[in-house]
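Single-structure report; data block below.
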Amino acid sequence: MPEGLVRILRPDGKVEKGQKVPSINPKDLIHLYRVMLLNRRVDERMTTLQRQGRIGFYIGSVGEEAAIIGSAFALEEKDWIIPCYRELGAALLRGFSLFEFCCQLFGNAQDSIKGRQMPNHYASAKLRFGSISSPVGNQIPYATGIGLAARLRGTAEAVLVYFGEGATSEGDFHVAVNFAGVYKTPTIFLCRNNQWAISMPRELQTASKSIAIKAKAYGIEGVQVDGNDIFGVYSVTREAVDRARRGEGPTLIEAVTYRLGAHSTSDDPRAYRDDEEVEGWKEKDPLCRFKLYLMAEGHWGEEKDAYLEEEIKNEIQAALKKSERIGPPSIDTMFEDVLDRVPWHLKEQLEELRRVQELDAVQQEA
Amino acid sequence: MPEGLVRILRPDGKVEKGQKVPSINPKDLIHLYRVMLLNRRVDERMTTLQRQGRIGFYIGSVGEEAAIIGSAFALEEKDWIIPCYRELGAALLRGFSLFEFCCQLFGNAQDSIKGRQMPNHYASAKLRFGSISSPVGNQIPYATGIGLAARLRGTAEAVLVYFGEGATSEGDFHVAVNFAGVYKTPTIFLCRNNQWAISMPRELQTASKSIAIKAKAYGIEGVQVDGNDIFGVYSVTREAVDRARRGEGPTLIEAVTYRLGAHSTSDDPRAYRDDEEVEGWKEKDPLCRFKLYLMAEGHWGEEKDAYLEEEIKNEIQAALKKSERIGPPSIDTMFEDVLDRVPWHLKEQLEELRRVQELDAVQQEA
Amino acid sequence: MPTMNIIQAVNDALRTEMRRDDRVVILGQDVGKFGGVFRATQGLFEEFGPNRVLDTPLAEAGIIGSAIGMALYGLRPVPEIQFADFIYPAFDQIVNEASKMRYRSGGQYACPMVIRTPCGGGIRGGHYHSQSPEAYFIHTPGLKVVMPSNPSDAKGLLSASIRDDNPVIFLEPKRLYRAARGEVPEGEYVVELGKAKVVREGDDVTIVTYGAVVHTTLQAAEKAAQEDGISVEIIDLRTLLPYDIDTILISVMKTGRVLIAHEAAKMCGFGAELSATLNEKALLHLQAPILRVTGFDIPFPYTFEHEYLPNEKRLRKALQDSINF
Amino acid sequence: MPTMNIIQAVNDALRTEMRRDDRVVILGQDVGKFGGVFRATQGLFEEFGPNRVLDTPLAEAGIIGSAIGMALYGLRPVPEIQFADFIYPAFDQIVNEASKMRYRSGGQYACPMVIRTPCGGGIRGGHYHSQSPEAYFIHTPGLKVVMPSNPSDAKGLLSASIRDDNPVIFLEPKRLYRAARGEVPEGEYVVELGKAKVVREGDDVTIVTYGAVVHTTLQAAEKAAQEDGISVEIIDLRTLLPYDIDTILISVMKTGRVLIAHEAAKMCGFGAELSATLNEKALLHLQAPILRVTGFDIPFPYTFEHEYLPNEKRLRKALQDSINF
Ligand SMILES: Cc1ncc(C[n+]2csc(CCOP(=O)(O)OP(=O)(O)O)c2C)c(N)n1
Ligand SMILES: Cc1ncc(C[n+]2csc(CCOP(=O)(O)OP(=O)(O)O)c2C)c(N)n1
Ligand SMILES: [Mg+2]
Ligand SMILES: [Mg+2]
């Protein structure tokens with residue numbers, strides 16, 4: 001792996017001198033752009049939805065789309081994605097439907113996780129896309145475990161796990177990467193270093209020179225890449241995936257990027273960071289950069305773009321419309337899946353709840 | 001801090017070419033030797049005691065005395081020592097009495113921790129020597145905290161915390177050193193890399209090139225030293241203490257040493273390691289090495305040594321004799337110190353216990 | 001007396017105690033310049049500076065571990081864990097270190113610290129922003145556990161906890177943070193730990209509860225009085241460990257009927273302990289089984305959080321069951 | 001049937017299940033070549049090799065985290081935590097991840113794994129080699145909790161746990177490891193989870209217990225029969241969650257007197273849950289308060305461990321108290 005920051009696509013959409021754009025066919029390039037744009041527009045729309053009180057919470061990834069989608073694109077279908085909470089782009093790329101996503105936001109009867117978690121905490125076993133949980137860093141150890149299992153079974157599957165630079169401070173990061181180093185698991189640890197962990201700046205997370213350098217503590221490969229450059233991210237991830245498949249062990253990738261939006265709809269970043277800083281990073285926007293490149297290469301044009309924007313808008317609208325009117329799951333589901341079968345005490349508790357609801361219905365009628 | 005392994009005193013007792021012995025006056029040199037020898041003999045004696053069934057457990061530090069005593073010697077009285085479970089040498093150097101130590105082994109009425117913990121889990125607030133607990137690595141975060149407190153209060157106290165290379169795998173190591181790096185606490189992290197964590201060899205703990213290199217993950221100083229060379233250990237620790245006092249932050253020291261004995265009296269190392277390996281390390285014994293040096297320098301001789309051996313033997317015998325006949329603490333102490341005052345439910349439980357014991361006494365009389 | 005919500009009361013307690021005792025130090029994620037994600041530490045960084053209010057890296061074990069070190073050193077740390085759901089990375093430091101420090105050192109080392117953390121549901125937080133982990137800590141010898149239900153108690157109990165010489169888990173019911181308002185004494189104000197409060201007097205059934213559920217039980221009691229003619233006495237425990245057994249027993253002797261209500265899961269929850277203790281101490285006074293209205297034994301759900309919580313309906317049904325037994 | 005101790009029975013179960021199902025994988029500190037510090041995995045590394053028996057670095061969160069990953073992948077990991085006292089670094093992975101995985105993913109991901117760990121006192125282990133943490137896990141929805149008291153149950157329950165589709169905390173009372181011997185069926189042998197066993201029949205008092213305390217209660221019952229004329233029925237729960245309420249109720253209906261015994265601390269221990277549930281379900285059958293004979297609410301002590309444990313004297317006294325009520 002190269003030393004220093006890897007960058008292929010510059011903020012102005014031009015290719016960095018001496019660098020080569022990875023060979024991706026134009027159809028895929030446009031698909032990547034589409035998913036990035038879709039991700040961006042979904043984030044914007046759902047943030048509004050939250051403000052309108054139609055959903056309870058939202059957490060997006062504006063500014064980090066290249067880091068997320070570029071890395072996920074380096075995988076094959078058989079590989080695993082273990083997400084943090086900002087990886088909608090990776091899910092969409094894998095084929096997670098907008099309708100399913102919206103159902104989860106509403107926690108309705110067609111939500112594949114049965115209304116059990118906050119918005120943005122979906123899961124898709126079918127797509128080998130992990131179950132999202134909120135505690136920062138918790139997913140990292142089991143990404144190592146999945147990789148370990150794949151290695152023990154002798155398959156050539158890789159595992160891509162996402163987390164923020166804040167998560168590197170948790171013990172779970174440490175034990176996970178250390179285990180991966182010892183067992184040479186085919187795990188790619190992708191740190192979205194978006195400079196902030198809610199109000200905590202990168203410098204307060206760790207005194208290390210970079211996040212990538214932490215790889216040395218585990219005897220594994222580490223690389224730092226411009227996280228807003230989809231080609232750079234794709235390339236280093238692809239290399240890491242290849243190494244993983246060859247049994248050469250894990251890689252820690254630091255994708256240097258920036259959270260352009262608030263941490264989540266519960267947050268107001270103006271309380272802790274300067275507008276200037278944000279403006280500076282807006283100029284490095286991964287989406288603009290990629291669009292400029294595509295246009296310069298003749299793969300894309302403003303007309304197509306306008307059409308795509310319209311298409312995406314309608315798509316989102318349709319998914320929302322369809323999902324928002326679906327009611328909640330049946331109350332019985334509340335007691336399912338705690339264990340594989342419903343044990344006696346949960347049956348009793350369901351009964352208790354039913355009796356109360358019946359009583360209530362009777363009283364309301366009266 | 002220098003790169004590579006620091007060594008001043010070679011296994012043959014000669015000074016490494018180009019290295020300078022730190023200036024320590026002869027009295028102190030002999031005191032250091034005395035404490036090392038005492039430590040060794042106590043370990044041997046108590047292991048026998050355990051075999052005789054007179055104490056329940058013992059864990060010693062044969063082979064690691066230089067790493068422990070050399071580093072502790074770099075501190076002043078005001079500095080803190082936060083031990084793992086093998087740092088008897090550091091306690092003895094600080095002035096912990098053999099009698100107190102023996103009372104703790106027996107868990108008797110004069111044990112300063114009131115018979116509450118297994119052997120080797122003593123504590124001495126008076127000596128700024130931490131309370132030993134068994135869970136590996138748990139002491140490291142609060143060593144950071146003590147250092148942080150000292151820094152916040154503007155004192156120039158340093159904190160020396162001990163742990164094995166196995167402990168570096170725990171999340172607690174990671175969070176502790178990371179916090180120390182961020183806050184530049186005056187903490188010296190001393191890893192006794194004795195090559196084994198019970199049956200787990202160093203290579204299985206981590207794939208990193210060394211333990212010292214892990215410092216890079218936290219942006220702090222790291223250094224590797226021959227842990228069986230008391231001068232080397234003293235020098236690098238002294239340097240780390242000086243830096244700490246100057247507010248320049250923490251240091252991770254890897255003292256490369258070897259556990260010559262069993263992990264504890266519960267262990268039989270022949271089940272997992274070769275005699276040859278042990279024999280190889282016996283030639284690097286820190287005590288022999290130091291003795292050879294002292295003799296060559298004219299500070300010491302065989303006659304003095306024989307006399308010291310005799311003196312130590314008697315000292316141990318006396319402490320044992322005095323402590324072994326002391327009975328257990330009073331039963332009331334069992335319910336003290338859970339909280340600062342005994343709450344109602346513990347008063348009730350003490351009453352319950354008393355009633356049972358009275359009943360029992362009555363029944364035995366009858 | 002000024003009127004405050006719980007966040008303001010917590011803030012007031014912190015400020016007052018920090019002014020009173022310069023050993024009091026705050027640390028946690030986002031607690032500094034930002035003032036905490038719930039704004040509980042707002043303005044403290046500005047007043048006391050970075051040596052008294054410390055922003056930390058994202059590692060709960062580091063926060064609590066550092067706090068233990070500070071406590072050993074002689075400071076009085078008040079670490080904040082952003083949500084109680086995220087306290088588990090520090091669980092080992094709490095249950096194996098902080099709680100046992102005094103005992104295992106034969107009283108040589110104390111570990112005075114207050115771990116403040118928002119708990120409980122009702123804010124649409126799902127599994128990981130709604131948990132009530134008090135039972136884990138009540139079961140662990142060596143800790144005190146406190147949960148206020150209103151602003152003045154929040155201030156008084158927090159102040160008392162900071163002055164206490166033990167590690168205290170201070171659980172703040174987050175759905176009350178802004179919802180519960182009330183008068184709060186100015187300046188230094190302490191509510192003794194270990195004392196419950198009878199927040200409603202009644203003759204037929206005793207409800208033992210704490211935290212946010214206090215308010216739900218008050219509403220249910222009102223309804224039960226009006227519509228079912230049941231007179232309910234309600235005890236707000238405030239301190240969960242050591243809890244105020246005397247106040248409970250006096251009430252139970254009077255009513256003979258007991259209902260215990262909390263948000264945490266039922267199985268091995270604190271309600272179990274209270275019930276078992278009352279069975280031991282007051283069996284002959286019981287005219288009906290001791291009922292528990294609690295969270296169900298499932299992970300805290302999102303869509304059905306109001307069904308999950310001990311709501312008014314469930315409480316009223318239980319009151320009726322108790323009376324009709 | 002061969003006679004075995006519990007260590008041998010555990011080893012036999014592991015070997016048998018590993019032969020039966022190649023998805024079963026063992027991991028933990030010292031479990032490989034060395035065969036585990038208690039020798040529970042002896043010979044397995046030799047038979048199944050390094051891809052089925054993995055020595056791990058010293059990090060419980062890594063062990064359990066890796067096991068979760070393996071389970072998600074489709075394996076059946078059986079991680080060992082060297083002592084239950086050291087499970088807390090993995091507490092977050094257990095209570096926030098493993099236990100909630102199935103529920104939070106809407107049933108898409110299961111997390112079948114068996115966390116084996118030695119628990120309990122009586123081996124002069126003090127604070128950190130004696131703990132009984134079952135209540136923490138019983139309080140956490142989404143886990144099963146098992147504790148055998150004899151070799152054949154150890155084998156049968158461990159096999160059942162490995163075949164179970166849920167995360168199971170399998171607690172092995174270490175002081176019985178070599179002390180409890182008995183006949184153990186050869187080959188595949190399963191004891192259904194969730195079923196208690198009446199290990200002694202009697203008419204006057206029911207003792208509900210589990211693990212090592214089963215043996216202490218048997219001795220106390222013998223003495224009580226001979227010297228006090230009290231006829232004691234003893235139920236060995238075996239599975240603590242979900243526990244076998246029917247077997248308990250049948251016995252309690254018969255005796256009307258209940259004593260619950262366990263080693264873990266009393267406050268919010270599993271005894272509290274059992275007592276509270278019996279109060280709810282069988283109040284009118286109780287002829288005396290439900291008594292608990294448990295560890296005291298102090299850290300597990302060293303010198304006084306025999307006073308701390310629910311010993312014969314304490315049990316007999318409680319039986320007398322129950323009868324004389
Ligand atoms: C264990 C834990 N502690 C605290 C939180 C609260 N929290 C949610 S996100 C977050 C910041 C995460 O920062 P980072 O890892 O950099 O990811 P980012 O949000 O920047 O993508 C915090 C502190 C949490 N969810 N989990
Ligand atoms: C958290 C935890 N896990 C496991 C153990 C059991 N154990 C005791 S010592 C030890 C090995 C420690 O190795 P290392 O850190 O290298 O220290 P050493 O004993 O070699 O000095 C283990 C696994 C423990 N005490 N604590
Ligand atoms: Mg971040
Ligand atoms: Mg070691």
Side-chain angles (χ1 to χ4, degrees), chain A residues 3 135-138 140-141 144 147-148 151 163 165-185 187 189 191 193 197 200-222 224 243 247-252 254, chain B residues 3 135-138 140-141 144 147-148 151 163 165-185 187 189 191 193 197 200-222 224 243 247-252 254:
Chain A
E3 294 260 325
V136 165
N138 280 21
I140 317 179
T144 296
L148 179 52
R151 215 213 65 194
F163 49 90
E165 84 293 347
T168 66
S169 296
E170 289 281 5
D172 274 356
F173 165 80
H174 176 70
V175 302
V177 187
N178 192 48
F179 269 57
V182 168
Y183 298 122
K184 287 185 165 264
T185 72
T187 314
F189 297 95
C191 176
N193 175 3
M200 306 293 295
R202 150 71 179 86
E203 308 78 63
L204 253 165
Q205 280 307 332
T206 179
S208 72
K209 282 202 200 108
S210 70
I211 301 294
I213 202 177
K214 290 177 188 282
K216 289 204 189 301
Y218 312 105
I220 70 164
E221 289 290 329
Q224 199 184 41
R243 293 186 53 257
E248 291 167 24
T251 306
L252 172 62
E254 174 186 3
Chain B
E3 293 260 324
V136 166
N138 279 21
I140 318 179
T144 296
L148 179 53
R151 214 213 66 194
F163 49 89
E165 84 293 346
T168 66
S169 296
E170 290 281 4
D172 274 355
F173 165 81
H174 176 70
V175 302
V177 187
N178 192 48
F179 269 56
V182 167
Y183 297 122
K184 287 185 167 265
T185 71
T187 314
F189 298 95
C191 176
N193 174 3
M200 306 292 296
R202 150 71 180 87
E203 308 78 62
L204 252 165
Q205 281 307 333
T206 179
S208 72
K209 281 202 201 109
S210 69
I211 300 295
I213 202 177
K214 291 178 187 280
K216 289 202 190 302
Y218 311 105
I220 70 164
E221 289 291 329
Q224 199 185 40
R243 294 184 54 255
E248 291 168 23
T251 306
L252 172 62
E254 175 187 1

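Relative ring orientation between His174(B) and His174(A) is described as parallel, the plane-to-plane angle staying below 30° on a 0-90° scale split at 30° and 60°.
Note: Ser208(A) leads Ala215(A), Ser210(A), Ser208(A) in heavy-atom pairs under 4.5 Å with chain B. Counting heavy-atom pairs closer than 4.5 Å to chain B, the top-ranked of the candidates Asn178(A), Val175(A), Asp172(A) is Asn178(A). Between chain B and the residues Gly171(A), Gly249(A), Ala217(A), the most heavy-atom pairs under 4.5 angstrom are made by Ala217(A). Listed options Gly181(B), Gly219(B), Ala176(B) were ranked by heavy-atom pairs under 4.5 angstrom with chain A; first place goes to Gly219(B).
Within the 4.5 angstrom heavy-atom criterion, only backbone atoms of Thr168(B) (N, CA, C, O) approach chain A. At a 4.5 Å heavy-atom cutoff, Phe179(B) makes no contact with chain A through either its backbone or its side chain.
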